[in-house]
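Working notes, beginning with the structure itself.
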Amino acid sequence: MVSLLRLRRQRDIFRFLMSVDNLSFPEAVRWVAEKYSIALPVFVARPEESDKDRQQILDATQATEAFYQNVLRAEPEAQEARRYLQQRGLREEVIEKFGIGYAPSGGGRLIGYLTEQGFAAELLEKAGLAKKSELGKGYYDSFRRRIIFPIKDVRGKTLAFGGRVMDDGVPKYLNSPETVIYSKSRHLFGLCFAREAIREQNHAILVEGYLDCIIPFQEGVRNIVASLGTSLTQGQVRLLGRYTKNVVVNYDPDTAGVNAMRRSLELFLEEGFRVNVLRLPDGLDPDAFVRRSGAQEYRRSMKQCEPYLEFIADEALKDAGAGARSRLNAVNAVLPILAKVPDRVERLEFVSRISSG
Ligand code: CTP
Ligand code: MN
């Protein structure tokens, strides 16, 4: 009999399935066992308590997506939301495809709907959908009066949500917390829709925001995913690496975006990617650029994007200013990245470029 302990020790394939297909450890074991017709001891084959929780949280999350979609489609309260989406240039088909919805006001609509379907309020709290009220014993909906963007895994299961205000309220986006089914650092927004195109084109575009992904996608740029904020993780890079090792990073050209770009380049290099950097003109993000100039122009600018080394060198030199001493500083600043450039010739080129300015 295979002991659970031994299985755990030989867990590369399991860990892989866990992170990539979002399975729990027992689920991963069962998957492999089924695939290779291995009989499992009962204590592994039987779903664990936490496993049941997981499944219920997944179910509640799918039901939530449908609820928010229905509110957006049908309710008078969502009229403002429908208008907002229209103003931002989203068409019906893409709203449906991405499962975009609306979280109504009131504070208890979702909880009411889900508890009626048999989900316990405590479970909804674990799913990040409800919050315990600080005063009394009750719960209230986590998302209220927000446009809802479902965050899905590669297979299209919804794991979490991002909710945007329709005015200047803060925070602009409210996101699901980390839960037993969702870890921000292991998913890429839009990957389930983009993965085929990414594989076919052997190339991906990485952007920051929900709409930076959705709007170009709507206009036919299908190989696009978003990191949801600026801090890309190794898990996200590896996930993308299953589909391609070629990426264009198209972050916002603001300071945060530039710093994030530098960090993301290191990660991509570590995972053996070929990276280019695209900086759009006039400080535009991909959403705004595509709405202004169209997808064709976006694709065209993609062809003129910079190899990452040039980008890094330019930035370092810009920061450093003139003089030999500053050049030394510039070299120092890029050393961590330099260390990760796999090719020796490229490495030398990089140094000579910076030191001769
Ligand atoms: N983000 C977030 N929480 C915030 C702000 C941003 O999670 N409070 C994430 C969102 O995924 C957002 C991305 O970071 O899409 C980029 O943020 P930002 O550039 O500020 O917003 P945009 O994507 O441009 O949003 P919009 O176009 O809707 O204004
Ligand atoms: Mn934007």
Side-chain angles (χ1 to χ4, degrees), residues 68 72 80-91 94-95 98-103 128-129 142-153 158-179 182-194 205-219 221 224-233 235-237 239-240 248-264 277-295 298 301:
Y68 288 148
L72 180 70
E80 190 189 349
R82 293 192 291 271
R83 206 177 308 125
Y84 177 86
L85 290 171
Q86 198 181 9
Q87 269 164 11
R88 295 216 52 175
L90 281 93
R91 293 189 298 271
V94 89
I95 293 175
F98 280 80
I100 296 167
Y102 181 66
L129 299 168
S142 302
F143 296 98
R144 299 175 306 281
R145 302 204 60 219
R146 282 173 186 269
I147 307 265
I148 296 293
F149 298 94
I151 301 168
K152 297 164 188 271
D153 67 11
T158 296
L159 307 179
F161 301 97
R164 195 196 193 287
V165 290
M166 292 175 290
D167 51 22
D168 300 329
V170 284
K172 177 154 81 170
Y173 283 96
L174 186 69
N175 300 300
S176 293
E178 303 275 308
T179 66
Y182 178 64
S183 160
K184 180 177 184 300
S185 61
R186 292 202 311 211
H187 297 281
L188 287 164
F189 180 79
L191 185 57
C192 63
F193 304 119
I205 304 166
L206 177 74
V207 297
E208 273 177 53
Y210 295 102
L211 286 149
D212 297 325
C213 173
I214 296 171
I215 293 289
F217 186 94
Q218 173 177 265
E219 303 309 323
V221 179
I224 190 163
V225 295
S227 57
L228 299 183
T230 45
S231 49
L232 189 73
T233 66
Q236 290 176 312
V237 170
L239 180 61
L240 190 61
V248 170
V249 182
N250 183 197
Y251 278 0
D252 291 5
D254 56 18
T255 328
V258 168
N259 287 330
M261 198 111 75
R262 213 172 289 176
R263 280 194 308 276
S264 72
V277 167
L278 174 61
R279 280 183 286 187
L280 293 169
D282 308 323
L284 295 175
D285 63 13
D287 156 39
F289 182 86
V290 168
R291 262 184 302 134
R292 189 190 72 176
S293 306
Y298 185 57
S301 56

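In each ligand, atom 1 is the first atom listed, and ligand 1 is the first ligand listed.
Atom CZ of Arg145 is surrounded by 12 or fewer heavy atoms from other residues, nucleotides or ligands within 6.0 Å. Within 6.0 Å of CD on Gln86 lie no more than 12 heavy atoms contributed by other residues, nucleotides or ligands.
Between the Thr233 side chain and the Ser185 main chain, a donor and an acceptor come within less than 3.5 Å of each other. For Lys152 (side chain) and Phe193 (main-chain N/O), no donor-acceptor pair under 3.5 Å exists by modelled atom type. Ser301 places a side-chain N or O within donor-acceptor distance of the main-chain N or O of Tyr298, the cut-off being under 3.5 Å.
Checked against side chain to side chain contact (heavy atoms under 4.5 Å, CB included), Arg91 has the following partners two or more places apart in sequence or in another chain: Glu93, Gln218, Glu219. With sequence neighbours left out, the ring-ring contact (aromatic ring centres under 6.0 Å, His included) criterion links Tyr182 to His187.
Ordered by chain and residue number, the residues placing a heavy atom less than 4.0 Å from ligand 1 are Arg88, Arg164, Lys172, Tyr173, Asn175, Glu208, Gly209, Tyr210, Leu211, Asp212, Leu228, Gly229, Asp252, Asp285, Asp287.
Ring geometry, Phe149 versus Phe189: the interplanar angle exceeds 60°, so the pair is classed perpendicular (tilted spans 30 to 60°). Note on ring orientation: taking the six-membered ring where Trp is involved, the planes of Tyr68 and Phe161 are perpendicular (angle over 60°, cut-offs 30° and 60°).
With a cut-off of 2.8 Å, the protein N/O/S atoms near the Mn ion (ligand 2) add up to 1.
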